[in-house]
Amino acid sequence: MELSKNYIPGQVEEKWNEHWKTKKYFKSLPPDQGGLPPEEGGLPTDNRPPFTVVIPPPNVTGVLHMGHTLNETVQDILVRNARMSGFNACWVPGSDHASIATEAKVVDMLKREKGIDKKDLSREEFLKYAFEWKEKYGNIIYNQIEKLGCSVDWDRVSFTMDDHYYKAVIKVFVDLYNKGLIYRGARMINWDPAAKTALSDEEVEYKDVTGKLYYIKYEIADERQSSTDNRQFITIATQRPETIMGDVAVCANPNDERYTNLKGKKVIVPLINKEVPVIFDEYVDKDFGTGILKITPAHDINDFNIGLKYNLPIVDTLNEDGTLSEAAQIFIGEDRFVARKKIVEELREKGLLAKEEEYQTRLGYSQRTNVVAEPKISTQWFVKMKGLAQPALEAVTSGNINIHPGEKFNATYKYWLENVKDWCISRQLWWGQQIPAWYDEEGRFVVAETKEKAKEVFNNQHSVANAQLKQDEDVLDTWFSSWLWPIEVFKGITEPGNKDINYYYPTSVLVTGQDIIFFWVARMIMAGMEYMNEKPFSDVYFTGMVRDKLGRKMSKSLGNSPDLLTLIHEYGADAVRFGIMISSPAGNDLLFDESSLEQGKHFNNKLWNAMKLLKLWEESSKFKVGSSKLKAEDRSQFAILWFQNRLIEVRHEVETLIKQFRLSEALKTIYSLIWDDFCSWFLEWIKPEYGKSIDKDVYERAVSFFDELLQILHPFMPFITEEIYHLLKERNDDLTVKQFVPVKQADKEYLLLGEKLKNLISAIRDARNKNNLKPKESISLFIETNDPSSYDSIKEILAKQTNADLILFNESPEGTSVMTVAGNEKIYIKSDAAIDTGVQKKKLTRDLNYLKGFLISVEKKL
RNA sequence: GGGAGCAUAGCUCAGUUGGUUUAGAGCAUCUGCCUUACAAGCAGAGGGUCCGCGGUUCGAACCCGUGUGCUCCCACCA
């Protein structure tokens with residue numbers, strides 16, 4: 001077969017994706033369902049432990065950006081590694097209905113493509129369009145996930161608006177309500193007076209603007225002296241004079257001596273002459289403005305909170321369209337900004353405007369209509385969080401759930417849960433699970449899963465024959481559905497105790513972005529503890545944020561995220577996976593740079609060419625079976641022994657690194673093993689002289705080494721490794737489902753050391769003899785140990801492995817040195833006395849590398 | 001404003017109990033090579049007060065304090 005000069009990923013990736021899918025390699029079933037039938041690649045009797053991962057569901061109508069790419073790659077590496085390590089690996093794919101984002105998109109699409117306004121549609125009509133949209137665009141992400149090589153179980157695709165999932169969300173709502181954990185309460189929301197609709201926080205855009213600060217004089221009310229001569233005033237600063245009619249109090253800091261004389265007094269709101277009390281609260285900043293604040297609970301979030309604290313009335317002086325309401329008493333029906341001007345004018349005329357000054361401030365604007373958003377009080381649904389937070393906090397502090405990297409996020413997690421606030425779960429949207437609360441005309445309501453049930457309960461409760469009930473218009477926050485994700489993808493809420501949930505829950509590891517630690521991760525833990533009485537996952541791996549070269553978060557609205565399919569097309573999926581993984585340890589941000597994808601592409605090519613070289617040897621060699629016998633001092637023999645040890649060492653290291661979720665280091669280690677040790681060293685050493693053929697035994701060892709390398713690399717770069725695995729030899733099996741042979745503990749460190757020394761010594765001797773080089777006087781090898789008794793075992797091993805005639809340990813001021821004398825060779829092994837802690841294996845490696853370097857120089861002179 | 005994190009070569013990043021290191025990789029730059037797996041390669045070179053300052057230590061990129069710059073989450077000040 002003619003092999004191309006360079007590796008071409010396109011068809012290879014498609015081929016293997018198709019093959020893996022046909023073989024159903026990624027399908028997973030609990031063992032009591034008989035596992036997979038053998039013809040579908042399963043084991044006949046499946047007693048493997050489960051390894052479960054649920055994908056953080058991307059927005060259904062979105063596309064994968066580089067942040068997702070990093071997430072999915074990490075998950076796939078863990079899942080494939082688990083699968084090859086003998087686990088029943090199950091990776092559940094899915095998507096999130098993403099209420100706000102999706103609804104905004106659908107609204108936008110309807111307007112642009114069909115000229116339809118949302119307000120001209122009924123709820124049912126709108127939802128029909130939304131589902132159509134989801135059907136049309138919802139598969140884009142699935143296609144991307146597949147192209148990236150993710151080994152998900154496609155039979156388990158879940159969506160947060162699936163029928164069962166919808167029911168689960170409603171069931172949980174009703175349950176929490178019945179437990180008294182859900183309540184209705186007042187809350188400030190942002191209101192768009194132009195669109196006459198509530199805005200989510202995400203839809204409010206803050207802009208820096210130059211506003212004005214008006215200093216308004218409020219008269220101190222004093223019943224005894226009403227003569228105009230003795231009128232006393234306090235001055236209060238405000239940006240929004242049109243809200244003064246909503247004032248219900250003024251507030252100063254209790255420690256502010258300027259105002260202590262106002263205790264128990266009242267002041268008069270100008271223009272409407274309303275008396276309001278003076279109150280005191282630490283919230284007020286003495287140094288800002290005049291140090292005294294007007295309290296307008298209906299029109300400011302902070303005032304609202306203070307109002308709650310002191311039980312103040314709420315006077316809403318604005319209509320839904322931003323004009324002044326009757327409660328304002330004056331300028332009724334005028335637009336808020338027109339009213340502001342007129343009020344300022346009138347205050348000035350009456351001499352109640354002390355001054356006005358320019359002021360830099362931030363104002364919230366509606367993203368939809370670009371008008372200034374208005375804080376407005378509304379009735380919303382809340383979840384009481386304190387009780388739910390406690391077990392979730394314990395799960396992490398007790399170590400039941402491990403966060404990676406923990407040093408970085410444990411504190412954040414703890415802080416948030418200890419200071420948790422109630423969760424507002426209602427959203428003024430249509431796309432999502434509609435709140436199962438049912439109202440009669442008088443505003444009385446019941447909470448129930450269905451209308452029928454609601455009627456029944458309502459009729460009983462209020463002794464009514466046939467109540468006419470209307471469902472709450474609002475839907476639930478997206479996170480109120482996704483917090484059930486690890487449970488309900490296995491139908492743990494709707495069919496508690498089913499086989500899937502029993503087997504797969506708790507899941508093994510959650511891989512997600514650090515930005516949603518509170519929104520999602522903490523809440524999933526709460527839901528898990530509440531509904532399963534068990535954590536939802538054992539480990540959490542936080543990836544960093546992927547940013548562009550300017551350090552900006554990659555997002556669709558900025559358009560700074562490269563298109564994944566374009567990248568895959570250009571570099572290949574393996575190279576994309578490599579590039580995104582190679583330099584992004586857990587929790588560290590990453591400025592995306594295509595040059596690392598370039599590196600991945602080069603690596604592909606290196607692998608490809610190593611394979612080509614082996615194929616070349618296979619075809620050109622004319623060796624007969626058994627014709628070759630390796631001599632001990634043969635350099636190929638040395639190479640084999642040396643690489644064998646490297647392989648054991650690295651496999652062990654990689655296994656440990658993956659267990660610690662240090663994936664980028666694992667990949668780096670493998671990269672260097674393949675490029676430097678295997679290609680640059682091993683293959684060069686066993687390379688036959690020009691015109692000669694390679695020894696069969698050596699060749700076969702090389703192939704088996706390469707097999708093993710491909711296997712270690714496979715979870716990271718599945719396509720090319722599978723391809724090469726099959727090109728190298730005729731195979732009956734696929735790498736994807738091949739099991740790792742466990743690393744044996746028998747490879748004890750000193751034995752390993754001995755092996756190495758032997759190999760090195762014989763190679764040195766070999767190289768010197770061949771080239772008639774004078775032996776160097778000594779080679780230093782640092783051994784650091786605080787355990788003198790280990791000298792004996794080192795000595796023993798050295799004696800055995802090197803056939804040394806003499807082994808000496810010398811104590812000296814610089815350290816202890818070991819000298820071995822084997823034949824004519826003298827090799828000194830020195831230890832550094834300054835080191836007195838622990839056996840430093842690492843340093844050994846360093847000096848072995850030094851020896852390697854020495855060998856290079858010998859070789860080069862050849 | 002509250003909380004958390006980051007700062008290492010021109011660029012993107014490694015560097016996990018402080019002593020493998022006169023600080024590494026890839027990309028970029030320069031020099032020499034199309035050598036029979038690989039020019040997407042090989043051999044080599046240049047390039048860094050490990051953000052500033054102070055402290056702990058025999059020893060600090062690493063630990064502590066502090067300043068500066070940037071990022072994220074929460075709250076957004078009359």
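Just so we're on the same page: letters track the sequence lines, and every chain starts at 1.
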side-chain N/O A:Lys5 vs B:A39 OP1/OP2, d < 4.0 Å: yes
Each nucleotide N or O in nucleotides 1-3 of chain B that has a protein N or O under 3.5 Å away: list the pair and distance.
unit_1	atom_1	unit_2	atom_2	d
B:G2	O2'	A:Tyr415	OH	3.0

B:C42 phosphate, OP1 or OP2, under 4.0 Å from A:Lys606 side-chain N/O: yes
Partner residues of A:Glu242 under the side chain to side chain donor-acceptor pair (under 3.5 Å) criterion, sequence neighbours left out: A:Arg340
Contact under 4.0 Å: A:Lys615 side-chain N or O vs B:A37 OP1/OP2: no
Under the salt bridge (charged side-chain N to carboxylate O under 4.0 Å, His left out) test, residues paired with A:Lys309 that sit two or more places apart: A:Asp281
Side chain to side chain donor-acceptor pair (under 3.5 Å) partners for A:Tyr215, two or more places apart: A:Glu357
Partners meeting side chain to side chain donor-acceptor pair (under 3.5 Å) with A:Gln380 (sequence neighbours left out): A:Ser378, A:Ser426, A:Gln428
Flag for A:Thr235-A:Lys355: side-chain donor and acceptor within less than 3.5 Å: no
Residue list, salt bridge (charged side-chain N to carboxylate O under 4.0 Å, His left out) with A:Lys729, at least two apart or on another chain: none
Parallel, tilted or perpendicular, as decided by the 30° and 60° cut-offs, for the rings of A:Phe603 and A:Tyr671: perpendicular
Might you list the N or O atoms of the protein lying below 3.5 Å from N or O atoms in nucleotides 74-78 of chain B, with each pair's distance?
unit_1	atom_1	unit_2	atom_2	d
B:C76	N3	A:Arg362	NH1	3.2
B:A78	OP1	A:Gln239	NE2	2.6
B:A78	OP2	A:Tyr359	OH	2.7
B:A78	O5'	A:Gln239	NE2	2.4
B:A78	O3'	A:Thr238	OG1	3.3
B:A78	O3'	A:Gln239	N	3.1
B:A78	O2'	A:Ala237	O	2.9
B:A78	N6	A:Asp285	O	2.5
B:A78	N6	A:Phe288	O	3.0
B:A78	N1	A:Asp285	N	3.4

Spacing of A:Leu597 atom CG relative to B:G26 atom P, expressed in whole Å: 16 Å
Span that lies between the P atom of B:A23 and that of B:U16, in whole angstrom: 15 Å
Distance-only donor-acceptor hits, side chain of residues 414-422 of chain A, under 3.5 Å, sequence neighbours excluded:
unit_1	atom_1	unit_2	atom_2	d
A:Asn419	ND2	A:Tyr415	O	2.7
A:Asp422	OD1	A:Met385	N	3.1
A:Asp422	OD2	A:Tyr183	OH	2.5

Interatomic distance, A:Ile720 CD1 vs B:C38 P [rounded to whole Å]: 16 Å
Whole angstrom value for the distance that separates P of B:U71 from CD1 of A:Ile517: 21 Å
For A:Arg187, side chain to side chain donor-acceptor pair (under 3.5 Å) partners two or more places apart: none
Pick out the pairs of N or O atoms, protein on one side and nucleotides 27-32 of chain B on the other, that lie under 3.5 Å.
unit_1	atom_1	unit_2	atom_2	d
B:C27	OP1	A:His602	ND1	3.4

From CA spacing to verdict: side-chain contact (heavy atoms from CB on, under 4.5 Å), A:Leu318, A:Arg336: CA-CA 8 Å; A:Leu318 284 178; A:Arg336 50 190 171 145; 4.2 Å; yes
Atom-to-atom span, CG of A:Asn604 to C1' of B:G26 - whole angstrom: 15 Å
RNA chain B: stems of at least 3 consecutive Watson-Crick or G-U pairs whose donor-acceptor distances fall under 3.5 Å: B:1-7 with B:68-74, B:10-13 with B:24-27, B:29-33 with B:41-45, B:51-55 with B:63-67
Contacts of type side chain to side chain contact (heavy atoms under 4.5 Å, CB included), residue A:Pro375, not counting sequence neighbours: A:Met188, A:Arg240
